[in-house]
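Below is one structure; the comments refer to it alone.
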Amino acid sequence: MAARFEDAELKKTIARKLAVLGIVATLIGAGMLQWYLATLPPTADVMLYRGEINLPGMVR
């Protein structure tokens with residue numbers, strides 16, 4: 001999106017703001033994933049930890 005702007009300063013500003021937005025969204029998404037995994041019922045917990053579904057960071 002920022003690549004189409006002719007003005008270099010505007011392009012730099014938009015790219016910086018989008019980068020910050022992307023980092024914030026990633027952190028919020030990671031937090032929401034942890035919240036979601038914490039709300040799963042015990043049967044899903046068994047599947048996650050036995051290795052049927054292998055997610056990074058799922059160490060007991």
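We count residues from 1, following the sequence as given.
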Margin query: Hydrophobic clusters here meaning ILVMFWY residues chained together by side-chain heavy-atom distances under 4.5 Å, can you tell me if Ile28 and Leu33 are in one?
Written below: yes
Check: Who passes side-chain contact (heavy atoms from CB on, under 4.5 Å) against Thr39, sequence neighbours left out?
Finding: Trp35, Tyr36
Notebook entry, point to check: For Val20, what residues pass the side-chain contact (heavy atoms from CB on, under 4.5 Å) criterion, not counting sequence neighbours?
Noted result: Val24
Check: Hey, quick one: are Ile23 and Met32 part of the same hydrophobic cluster, counting side-chain heavy atoms closer than 4.5 Å, chains of contacts allowed?
Finding: no
Checklist line | CG-CD1 distance between Asp7 and Ile14, expressed to the nearest 0.5 angstrom | finding: 9.0 Å
